[in-house]
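Read the structure below first, then the notes.
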Protein chains: 4
Amino acid sequence: MASTPQNSLRVAVAGVTGYAGAELARILLDHPRFATNPPIFLGRPESEGGAAISLTSLHPNLSGLPNADDARVIPFDWNELQREGVELMFLATPHEQSREWSQQALAHNIRVVDLSAAWRLDTPAYRAIYKLEDTAATDALQQEAVYGSPELHAAEIKTARLVANPGCYATSVILGLSPVVRANIVDLSAGIIADAKSGVSGAGKAPTPGTHFMYAADNLSAYAIFGHRHTGELYEQLSLQPDQIQFTPHLLPIPRGILSTIYVRFTEPQTIMSLQALFDDFYRDAPLVRVRKSPMTPQIQHVVRTSFCDIGFQLSPDGKRAVIIACLDNLLKGAASQAVENMNLMAGWPQQEGLI
Amino acid sequence: MASTPQNSLRVAVAGVTGYAGAELARILLDHPRFATNPPIFLGRPESEGGAAISLTSLHPNLSGLPNADDARVIPFDWNELQREGVELMFLATPHEQSREWSQQALAHNIRVVDLSAAWRLDTPAYRAIYKLEDTAATDALQQEAVYGSPELHAAEIKTARLVANPGCYATSVILGLSPVVRANIVDLSAGIIADAKSGVSGAGKAPTPGTHFMYAADNLSAYAIFGHRHTGELYEQLSLQPDQIQFTPHLLPIPRGILSTIYVRFTEPQTIMSLQALFDDFYRDAPLVRVRKSPMTPQIQHVVRTSFCDIGFQLSPDGKRAVIIACLDNLLKGAASQAVENMNLMAGWPQQEGLI
Amino acid sequence: MASTPQNSLRVAVAGVTGYAGAELARILLDHPRFATNPPIFLGRPESEGGAAISLTSLHPNLSGLPNADDARVIPFDWNELQREGVELMFLATPHEQSREWSQQALAHNIRVVDLSAAWRLDTPAYRAIYKLEDTAATDALQQEAVYGSPELHAAEIKTARLVANPGCYATSVILGLSPVVRANIVDLSAGIIADAKSGVSGAGKAPTPGTHFMYAADNLSAYAIFGHRHTGELYEQLSLQPDQIQFTPHLLPIPRGILSTIYVRFTEPQTIMSLQALFDDFYRDAPLVRVRKSPMTPQIQHVVRTSFCDIGFQLSPDGKRAVIIACLDNLLKGAASQAVENMNLMAGWPQQEGLI
Amino acid sequence: MASTPQNSLRVAVAGVTGYAGAELARILLDHPRFATNPPIFLGRPESEGGAAISLTSLHPNLSGLPNADDARVIPFDWNELQREGVELMFLATPHEQSREWSQQALAHNIRVVDLSAAWRLDTPAYRAIYKLEDTAATDALQQEAVYGSPELHAAEIKTARLVANPGCYATSVILGLSPVVRANIVDLSAGIIADAKSGVSGAGKAPTPGTHFMYAADNLSAYAIFGHRHTGELYEQLSLQPDQIQFTPHLLPIPRGILSTIYVRFTEPQTIMSLQALFDDFYRDAPLVRVRKSPMTPQIQHVVRTSFCDIGFQLSPDGKRAVIIACLDNLLKGAASQAVENMNLMAGWPQQEGLI
């Protein structure tokens, strides 16, 4: 077994062909803890036709970066991972695949950060949309899995064996709403509206009619109204009932970025100052959330290709309603960089290391 | 005085340099009623440095079209308009200019379709945002002016001397909401949310930091939260109080198109069938509103470069909430083509003539 | 057999699902000759699972337009076409399919405008890239087929039974170069360079890695260098040898439009005036070519969604070199509207009817 | 006077409001040599209304990054720069301003990397386009100034007092052509064609009709044909006469990135292998040029937001012609990151430090 350099960790990444996996590869190759201990990149198992190839043949934009030209994507193989002494694994794989590999990884004493939805939801009814098969073993593991939102669950993440990395839309809405919802100032009977807009990378790399340039360009459309998969994460993380929040995603004609416009009514009138203090305090120690000073609100250009979630708000003149805007890069804070935050916490390193 | 061919009308257009004016020119040149009686295009008055130029030097994309290469943009001059026997005038000018010219046009017995906000709002408080000077004469004219939404006010438009063409955002929200608001099924105490997104042409032709390609491209931002100029039109046309509707516009990284996502709660649960019937019936005789069959909802690509407003909806499983989506081209149904609808009605022609 | 109204023609369109087919449907529905005699739209044969559907279910953007909501796409069937008395057929189908159906159409006395490359190339070596099977019958038909460039071959098109509609890139380069090449002023030994750029619709509707929004957006790439299929059309129509012209296409991050930048050296120095006269004279009677006055050169925005090809040039100070720029909408002058020009000529109607 | 930490350098940046200046600020804040010695950012002199503001108020996207929130943009003042012990200065200023400040900086013993065109051109005729006033002093300084292309002039740059950072277009064409031109294999009598395409950031931050989103989006246009300012750099750096190369820039509808398609004819037929070896050898020690293996050619997505110039080529079947494609990010390798390369060399650090 290979030994891990002090202050580093032996990590592997499954699923580097997709967009989130590619970002993960890019971040980890540049991460100071891996300068002399680069991650292992995994493709399909050999039995399924996987063969070793260079990482830069998949992602030519990475060539020339430190360690990148030497990096190989090798066939997935548990024996190889054990020989290499892998301690932590990222799964940037479909949720069915993540279900299977997570369990096997833990059995091999490998901690897991799973970027899929396989372990995000405790409530069977919310999970049903993913059509995952539940057993006693998966139920137990679901209980153990930690929802990987570092701003909300840092303590549990640090010691977790299995971290479920949050959904991209869900991250923006949960971070935008948590301060006011936890402060119990929102009038839930009026219903919260989260009108969200995402770039096309959120739809994945598979060429489909909906990701065709001719469909997405110069267009805007709503989809999955009353039925998006990420809604369950909102209910659970914000402790809301389904009729207390309405989430509507839209497909933006841009490569990446999410902007969520969130509408709340308050039970009592608020002041700009008190609301600003609420957000500022909530994220005082969060290195990757930038709270903007009202009336400034976030915009997608400020967060794209960064690991930040930006949050801002404006208050109605009568203090009874607010528009909260939360913005992030769906492939970074909405996927790969948040996964690295989770790894950093699990390894005992600063949450933002390698990310800013 | 020139005589107008039978079944035609002598029309003039002021303000053809802007985006809406250019669309207006294009539509009118192609309008069957003007094949042998092309409109007169007006630039700045000679006293302000206006000089006759060819229309296609301003808009090279129009050259080669019927009548276009002969079209001149001449200095604005009331004497010339009288000599030409102009009967109806489009004002695609800033609201201050429209205020002045509208009054002068009526004094010259020329009917007016004004594309600016000069005469849209009856309520002084809502109008204040435009900083227009009110006099007894303008108050009287404001009383007389008809809000040019053909779907709502066709009868008054037909005989109007002065038509105030609606705002682009306002048109989408008003058409999306009118069926349910007029049917008195919306729970107004919960508040309606209209989350609207518009292409950059809505911001006008002046080069500004906000219309710079580098600002708008690959971006999305909200603006004028709690304070957009079009809000007053929503209040008045939908008979709503300011705390009953929240309107938030966003700048989309596309040239043209508006999509408004509108959230309503109902006082009583609705069925898809009843709601569909409500929309279908409301727009049964509207040639330029396309009601989509739920769960199909509109998208910007379907309306761009058309004169249609598309409307669709989805209902929550419990029937208590709906998401209504209204979509149009801000330069056409949101400006130039709606102005032509108004002219068609004023002339006694079919509303959609020259537009589909 | 149905009878055709006087001054009309009974036409059918095969292949309305693709981008060019959709544009063809839109143009024909709006064409004055078909107001009471709408075209027949054909899908896959019933034997291959084709079933009658509404045209607007395929193209929701067309609904509300005259005749559009009644239009059906019916299964392809020769008997039905004969019963309907079809006289002319558009084939917006892959070249293999066009080969087969063209021959059958002619056997049924139906004239053909084929938008594919099936019949564009006389030279077997240039045709080889399409891997079409040649027989004595197809060789004979190839001899008969007319290359459907109305600016170059109007007389032959008028009486043709089979018209091969030109390629989109080829149209721009051929129209840009014909005046100077036919005038024998180009130094062919130096080689002509045609550096062309096209929007994504040129790549077709099939979702592929290369048409994925994430690949095409914010990108530019050259492809098929030294090997694009349209090169043979350049050689034949411009009477050039392969080493006398270099054609390089690029994929632009826009939906539609082609701009070809063409570099020529002259055997003798030219003047701006003589070159302008050459272009002006060449296209004096061409209603759909707009020659710009040097130094103005075309840009994509001026031609998109029009049927025009715009051409302009600039001359080097020493008069020995020119940059010629030709611009068109690849789905219109590069496909559907040029096909309608051909139909108009074949029917004895004005070339531009229904197009401007 | 402040003392500079060992292995660091005291640097200042003038002109951080523009696009290149903003990128420069971002790179330097993240550069390992400046972790404890951040650069000084300079705005307009106090006498012209300059006042100290925070860097992140100009560029909110930078907040949260190391040192960024503390960074101030202070009024330009030579006394302050001397007090701070500034040793090297970046000028991301207009060329007239750079002319003046460069001379003053050298007088204060501050070395200069100038991102403008003030000192790029030795030949008065080529420089004339910039309308700079020449004196004996500026002539002498021009002689001394080093053209800051690290791949071509590393030795001179290391000891230079004044480095003229190359133009963005020029960098792509010079790097693409240098290997073949220096090898004397190009047939210059046939003329080289460089057909270049750039994103909108190349046009600068000032809002103009040409940078308006509505002009640039969904468009492509050529400009400055036979007259672009960067042409002189091509002539000088490649030792070409004006009639030996034709350079044509185009405005791409994307924020950033340049792709130059370069056409050359050879005096003798080449092989792919020999040409590949020529490029590979030429850039063997260049850490920021990535030579692609033919037939792979660069594309803009691979270089945007990187410091690399990518170069690739394809050869005609007869070996007599090649298409060379060079690609870079105009704000990075075409401006800010190349400026940092120059600083690195001047300080004796690795050329690519802080850049990959």
Side-chain angles (χ1 to χ4, degrees), chain C residues 187 189-199 214-227 242-243 246-259 261-263 265 294-295 297-302 304-305 312-318 320-325 327, chain D residues 187 189-199 214-227 242-243 246-259 261-263 265 294-295 297-302 304-305 312-318 320-325 327:
Chain C
D187 176 4
S189 71
I192 298 167
I193 304 288
D195 188 282
K197 303 92 176 171
S198 170
M214 293 298 292
Y215 176 82
D218 287 345
N219 203 5
L220 185 78
S221 54
Y223 64 99
I225 307 170
F226 294 111
D243 64 347
Q246 164 66 27
F247 169 69
T248 310
H250 299 74
L251 187 66
L252 280 177
I254 61 174
R256 44 207 281 178
I258 283 177
L259 185 144
T261 311
I262 307 168
Y263 300 85
R265 291 187 165 238
S294 184
T297 53
Q299 54 184 267
I300 279 183
Q301 266 191 0
H302 290 169
V304 162
R305 294 179 193 267
F313 72 92
Q314 287 191 23
L315 191 66
S316 66
D318 66 3
K320 290 192 196 155
R321 294 172 285 152
V323 176
I324 301 165
I325 296 184
C327 220
Chain D
D187 176 5
S189 71
I192 298 168
I193 305 289
D195 188 284
K197 302 93 176 173
S198 170
M214 293 298 292
Y215 177 82
D218 288 347
N219 203 5
L220 186 77
S221 54
Y223 64 99
I225 308 170
F226 294 111
D243 65 345
Q246 163 67 26
F247 169 70
T248 310
H250 298 73
L251 186 67
L252 279 177
I254 63 175
R256 43 207 280 177
I258 283 178
L259 185 143
T261 311
I262 307 168
Y263 299 86
R265 292 187 165 238
S294 184
T297 52
Q299 54 183 265
I300 278 183
Q301 267 191 359
H302 290 169
V304 163
R305 295 178 193 268
F313 73 92
Q314 288 191 24
L315 191 66
S316 66
D318 64 5
K320 289 192 199 156
R321 292 173 287 152
V323 176
I324 301 165
I325 296 183
C327 221

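Only heavy atoms go into these numbers, but all of them, side chains included; no hydrogens, no water, no symmetry mates.
Across all their heavy atoms, D:Pro253 and C:Ile254 have their closest contact at CG-CG2, 3.5 Å. Of all heavy-atom pairs spanning C:Gln301 and D:Asp218, the tightest one is CG-O, 4.0 Å. When all heavy atoms of C:Ser221 and D:Gln299 are compared, the closest pair comes out as CB-CB, 3.7 Å. Among all heavy-atom pairs drawn from D:Thr261 and C:His250, the shortest one is OG1-NE2, 2.8 Å. The two residues C:Phe226 and D:Ser316 have their closest heavy-atom pair at CE2-CB, 3.3 Å. The two residues D:Leu259 and C:Leu220 come nearest to each other via the heavy atoms CD1-O, 3.4 Å.
Per-residue counts of heavy-atom pairs under 4.5 Å with chain C were compared for D:Arg321, D:Gln246, D:Arg256, D:His302; the largest is that of D:Arg321. With chain C as partner, the option from D:Asp187, D:Asp243, D:Ile325 having the largest number of non-hydrogen pairs under 4.5 angstrom is D:Asp243.
In this structure, no portion of D:Leu251 lies under 4.5 Å from any heavy atom of chain C. Proximity to chain C (any heavy atom under 4.5 Å) is shown, for D:Ile225, by both the backbone and the side chain. Residue D:Pro295 does not touch chain C at all, counting heavy-atom pairs closer than 4.5 Å. For D:Tyr223, no part lies near chain C; criterion is any non-hydrogen pair under 4.5 Å.
The shortest distance between side-chain heavy atoms of D:Leu252 and C:Leu252 falls below 4.5 Å.
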Self-check item: CA sep, side-chain torsions, deciding dist, call: D:Lys197, C:Asp195, side chain to side chain contact (heavy atoms under 4.5 Å, CB included)
Solution: CA-CA 11 Å; D:Lys197 302 93 176 173; C:Asp195 188 282; 3.0 Å; yes

